[in-house]
Amino acid sequence: MVQLGLVGLGKMGFNMRERLRAAGHEVVGYDRNEAVSDSSSLADMVSKLQAPRTVWVMVPAGTPTRETIAELGELLSEGDLVIDGGNSKFTDDKHNSEVLAAKKIGYLDCGVSGGVWGKENGYGLMVGGAAEDVERAMPIFDTLRPDGPREEGFSHAGSVGAGHYAKMIHNGIEYGVMQAFAEGFELLEASKVVTDVPAVIKGWQRGTVVRSWLLELLVRALDEDPDLDDLEGYVEDSGEGRWTLEEAINNAVPAPVISAALFARFTSRQKDSAAMRAVAALRNQFGGHAVKKVGQ
């Protein structure tokens, strides 16, 4: 049993706390939402931890994470350890680690995959940082990762920044796979031959080369709403897809599938696409193709 401070008790952090506690670890959480928090402030949380302390941060990426880590740098002591388990951009990790290194506090970045299902199924973990810090935190990692061989649910990806870099690429791949399933669903829906689309997709779960957890989640969604009529086709992106494409450009690596998936998300947010209006106008001009006027 180990003791852990956990900052951020949202959808992911709350479930992580529950999984760790169920395994016998002591978790002292802090969240601005007093209804779920174990502490009144970051300082109060730190005061409840025994040195050498380990604190896991699960707050939104960017400024909130940087500010939280900077504050922890003032509250923690030499020999303590901070783990950023949020979706920070890998370039932020160097800054965060240097802030803490000045206080002789260790730092690990940890990409976490598993979403709201991680409490029961475990979380895929990708970690960056010094080997001695990784080994120190291994009881926490082993509890959070899925059951089975460690190497199939956990990786020490490299030095500081490598964990979030690996998670960024993971999410870029996720964009492409989700888009492929989405396009396949739309083609089946448009077909005049297939009469039971949910049955086809459910039948792909065993024995096919596209079977996966994402497919299982699509089946679950179709069980709840067979035509997905209750949803709007509006899709946000959390940042990792854009960062993945930035890295593809920086390293001259072609990534047409991931780029197309990201741009498809942009298209989903347009109620009226100026680009598609231009295409319709051009088709009308050169070929006399029919156009649909506003209000028709």
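The analysis underlying the following values was restricted to heavy atoms, covering all of them including side chains, and did not include hydrogens, waters or symmetry mates.
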Pair Lys94-Glu98, salt bridge (charged side-chain N to carboxylate O under 4.0 Å, His left out): steps then yes or no: CA-CA 6 Å; Lys94 183 175 184 294; Glu98 289 174 349; 2.6 Å; yes
Step-by-step side-chain contact (heavy atoms from CB on, under 4.5 Å) determination, Leu144 to Met16: CA-CA 7 Å; Leu144 290 174; Met16 291 169 71; 3.7 Å; yes
Salt bridge (charged side-chain N to carboxylate O under 4.0 Å, His left out) evaluation trace for Glu152 with Arg145: CA-CA 9 Å; Glu152 293 182 5; Arg145 67 174 177 82; over 6 Å; no
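For the atom pair CD1 (Ile83) and CZ (Phe141), the distance works out to 4.0 Å, reported to the nearest 0.5 Å. Once rounded to the nearest 0.5 Å, the distance linking CG of Leu81 with OH of Tyr107 reads 10.5 Å. Going from atom CZ of Phe14 over to atom CG of Leu9 covers 8.0 Å, rounded to the nearest 0.5 Å.
With hydrogens and angles disregarded, no donor-acceptor distance shorter than 3.5 Å links the side chain of Ser159 to the backbone of Gly129. Put simply, the side chain of Ser37 never gets that close to the backbone of Arg32: no donor and acceptor are under 3.5 Å apart. Distance alone, capped at 3.5 Å, places no donor-acceptor pair between the Arg53 side chain and the Gln3 backbone. Of the possible polar contacts, none joining the Glu71 side chain to the Thr68 backbone as a donor-acceptor pair under 3.5 Å is found. Formation of a donor-acceptor pair under 3.5 Å by the Arg211 side chain with backbone atoms of Trp204 is not found in this model. Judged by distance alone, with hydrogens and angles left aside, the side-chain atoms of Arg21 form a donor-acceptor pair with the main-chain N or O of Val27 at under 3.5 Å. Checking side-chain atoms of Asp93 against main-chain N and O of Asp109 turns up no donor-acceptor pair under 3.5 Å. In terms of modelled atom types and a separation under 3.5 Å, the side chain of Ser47 and the main chain of Asp44 share a donor-acceptor contact. Under the 3.5 Å distance criterion, the side-chain polar atoms of His164 are left unmatched by any main-chain donor or acceptor of Ala166. A distance-only check finds no donor-acceptor pair linking the side chain of Ser155 to the backbone of Ala157 [under 3.5 Å].
A donor-acceptor contact closer than 3.5 angstrom is absent between the side chains of Lys11 and Asn15. Judged by distance alone, the side chains of Asp84 and Ser88 do bring a donor and an acceptor atom under 3.5 Å apart. Donor-acceptor pairing under 3.5 Å is lacking for the side chains of Ser268 and Arg265.
Of the candidates Val36, Asp38, Val7, Val36 is the only one forming a side-chain contact (heavy atoms from CB on, under 4.5 Å) with Asp31.
With contacts defined as side-chain heavy-atom distances shorter than 4.5 Å, the pair Met138/Phe154 qualifies. The side-chain heavy atoms of His25 and Leu4, taken from C-beta on, include no pair separated by under 4.5 Å. Considering only heavy atoms from C-beta on, Glu189 comes within 4.5 Å of Asp227 through its side chain.
The pair Asp196-Lys202 does not meet the salt-bridge criterion, since no charged nitrogen lies less than 4.0 angstrom from a carboxylate oxygen.
Cluster annotation: Leu42 is connected to Val55 through the hydrophobic network of ILVMFWY side chains, with a link wherever side-chain heavy atoms come within less than 4.5 Å. Residues Leu6 and Tyr123 share a single hydrophobic cluster, defined by chaining ILVMFWY side chains whose heavy atoms lie under 4.5 Å apart. Transitive grouping of hydrophobic side chains (ILVMFWY, heavy atoms separated by less than 4.5 Å) keeps Leu262 and Met168 in distinct clusters.
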